[in-house]
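Reminder, nothing fancy here: chain letters follow the sequence lines and each chain counts from 1. These numbers were taken from a predicted model, which means no experiment stands behind them.
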Amino acid sequence: MNNLKPGREVVVAGVGLHPFGRFRDKPLASLALDSVVAALKDAAVAWKDIQVAYFGHVYYEGMSFGETSLSKLGLTGIPIINVENACSSGSTAFWQAYWGISSGVFDIALAFGAEKVPGGPVSVTSEDSPDRYIGGDHMMAGYALRSRRYMEDTGATPASLAQVTVKARQNASLNPYAHRKDTYSVEEVLNSRMIADPLTLFQCCPTSEGAAAAILCAKEALTSYNIDRKRSINVVAAALTSGNYNGHGSDHSAFSPYRTEPAALQAYEMSGIDPKDVDLVQVHDAATIGELQQLEALHLIPYGEAWSATIEGRTSLTGDIPTNTDGGLLAMGHPFGATGVRMIHETVTQLRDEAGDRQIPDARVGLAECSGAGDVTTVHILTK
Amino acid sequence: MSSSIDETRLNISNAEEPQGELVGFKCNDCDVVVFGPAKFCQSCTSDNLTSITFGSVGSLYSYTEVKVPPHGWPGEVPYILAEVELPEGPHVLAELINIQHEDIQIGMTLNLALIPVEYGSTGSTKIVYKWSPAQLSD
């Protein structure tokens, strides 16, 4: 395990979000720019103050896309870095911004992500890869394999998986930025089109379009930028891991559902925060099973109990482990580069007590976990 | 003459039958076994590896009936995708054939099946590995 040695204290000074959904007539750069402008406005800092920018995205949109997007704000000459780390691209951009400031290189940074993900099943390999003929490279089929095995090992029922979606949709119905705001019953989720059994369509996240941005600042530099200290949110842990050997081969990331654990343990150690102190959590629920297994890997719920905890309502807005409070990937949708920063947006909004109808009362500690192909995992912990 | 869909994972010894076996590596330093290509041990990073061949049986770890296939899937839809644990440790994903959905049970023994599959749009075929219930070949 890495020995993470934070230097200077880092805060999130502002967040911005472009709604998630389908915006066919709006270029990706415009989505990205809208989220960045919103974040700058939220932090009440000027673009010319930003010292470095990290941009998370996956699908090819032309070279140096972060630079071309931000050039519309003015050519300030700062380092702009494009980050591709699969579904964790946005959270990796945030992680880099954190360490860039914590290490003392920069005082104020932008982390943002944007994506337009095409519809249909998502694969990791190229279309002429042998895996397309072998049949195994299918993201939701991988999640389905995990689901079947989890049900076999823990006694989880199809209804308990479906309840994850029911809860996500309820949360999203209170979130104007969500891609899917209509609510469903367990039966409606189970009766939606089968993708890869036991996962039905409503248990798989939509592939969406969207953008999210965050402004990070050194705590000691807040006054020099006239940033409102009371609305700034502390980043107390920033952990990122890639694949750990698990003995089961590496040709599909679905083989290692508990790969989150090393990053989680690093984040808890770095922050001194215990899992029981976490007031709300955003996890990578690309499919319903993802949320259940991530909650267990994060040590928030004992192994094999997340499905029953979900049925008991413990992960709902009124439960003791409110999870994916904005609707998560299942209802927000999953524009790869934006998702990790979107989780930061929701965590900050909750910790600021600005989440409106979906507000978790007295929220002081929020955790955001994002996973990506290549076994990338990020875990960030934020405090009021 | 058909060739292997991926020679780093499937070695074809007789393309007519067809016959062959899954291949991988064993680390001489830490004994970890991997399926498929390796130059360095995934566990201990050693480059002291020996190439190995796997037996033709495994046990079903998990499965799913895929109704919406990935782009480029050349086979029937729906199809059963199986995650199979080899006795040597690694898990291998491939299609499960010659079985009814209701007869599938986690833990059941499966046999490797080598099937020629039409490859690309050129009319050529490649030999793909799949899983099949045990004792069908006799």
**Q** What part of B/Pro69 gets closer than 4.5 Å to chain A, counting heavy atoms only: side chain, backbone, both or neither?
**A**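 Contact with chain A is through the backbone of B/Pro69 alone.
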**Q** Where on B/Glu88 is there a heavy atom nearer than 4.5 Å to chain A: the side chain, the backbone, both, or neither?
**A**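 Neither; nothing under 4.5 Å.
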**Q** Report yes if some heavy atom in the side chain of B/Lys67 is under 4.5 Å from a heavy atom in the side chain of A/Arg193; otherwise report no.
**A**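 Side-chain contact under 4.5 Å: no.
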**Q** Counting neighbours of CD on B/Gln19 that are heavy atoms of other residues, nucleotides or ligands and sit closer than 6.0 Å, is the number greater than 12?
**A**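 Count over threshold, so yes.
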**Q** Taking A/Pro130's backbone N and O only, do any of them form a donor-acceptor pair with B/Asp6's side chain (distance below 3.5 Å, no angle check)?
**A**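 The answer is no, because no donor-acceptor pair under 3.5 Å joins these two groups.
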**Q** Which residue out of B/Pro74, B/Ser43, B/Gly75 racks up the most heavy-atom pairs below 4.5 Å with chain A?
**A**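 Looking at each option in turn, the highest pair count goes to B/Ser43.
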**Q** Who wins among B/Ile115, B/Leu86, B/Val66 for the most heavy-atom pairs under 4.5 Å with chain A?
**A**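 If we count pairs closer than 4.5 Å to chain A, B/Val66 comes out on top.
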**Q** Hey, could you give me the CG/CG distance between A/Asp197 and B/Leu81, rounded to the nearest 0.5 Å?
**A**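 Interatomic distance, A/Asp197 CG to B/Leu81 CG, rounded to 0.5 Å: 10.5 Å.
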**Q** Measure the spacing between CD of B/Glu95 and OH of A/Tyr133 and express it to the nearest 0.5 Å.
**A**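 Nearest 0.5 Å value for the CD-OH distance: 14.0 Å.
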**Q** Looking at B/Ile106, B/Ile104, B/Thr64, which one forms a side-chain contact (heavy atoms from CB on, under 4.5 Å) with A/Arg148?
**A**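 Checked B/Ile106, B/Ile104, B/Thr64 against A/Arg148; only one passes side-chain contact (heavy atoms from CB on, under 4.5 Å): B/Ile106.
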**Q** Does A/Arg132 use its side chain to pair, donor to acceptor, with the backbone of B/Pro70 at less than 3.5 Å?
**A**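 A pair under 3.5 Å: no.
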**Q** In terms of heavy-atom proximity below 4.5 Å to chain A, should B/Tyr119 be classed as side chain, backbone, both, or neither?
**A**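 Contact with chain A is through both the backbone and side chain of B/Tyr119.
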**Q** Write down the atom of A/Gly135, the atom of B/Trp73, and the distance for their closest heavy-atom approach.
**A**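 Heavy-atom minimum between the residues: CA-CZ3, 3.3 Å.
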**Q** Where do B/Tyr61 and A/Arg149 land on the side chain to side chain contact (heavy atoms under 4.5 Å, CB included) test, with the steps shown first?
**A** CA-CA 7 Å; B/Tyr61 184 82; A/Arg149 185 70 199 194; 3.5 Å; yes
**Q** For a side chain to side chain contact (heavy atoms under 4.5 Å, CB included) check, start with the C-alpha distance between A/Asp131 and B/Arg9, then their side-chain angles and the critical distance, and finish with the verdict.
**A** CA-CA 11 Å; A/Asp131 291 287; B/Arg9 287 184 263 182; 3.1 Å; yes
**Q** Which one of A/Ser147, A/Gly243, A/Ala196, A/Ala144 has the most heavy-atom pairs closer than 4.5 Å to chain B?
**A**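 Looking at each option in turn, the highest pair count goes to A/Ala196.
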**Q** What heavy-atom pair brings A/Ile134 and B/Tyr129 nearest, and what distance separates the two atoms?
**A**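 Heavy atoms of A/Ile134 and B/Tyr129 come nearest at CD1-OH, 3.3 Å.
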**Q** Contact part of B/Val117 toward chain A, heavy-atom cut-off under 4.5 Å: side chain, backbone, both or neither?
**A**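 Just its side chain gets close to chain A.
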**Q** Give a yes or no answer on whether the side chain of A/His138 reaches the backbone of B/Val68 with a donor-acceptor pair at less than 3.5 Å.
**A**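 It does hold such a pair.
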**Q** Measure the shortest side-chain to side-chain distance between B/Leu93 and A/Leu145 over non-hydrogen atoms and say whether it is less than 4.5 angstrom.
**A**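 The answer is yes; the side chains approach within 4.5 Å.
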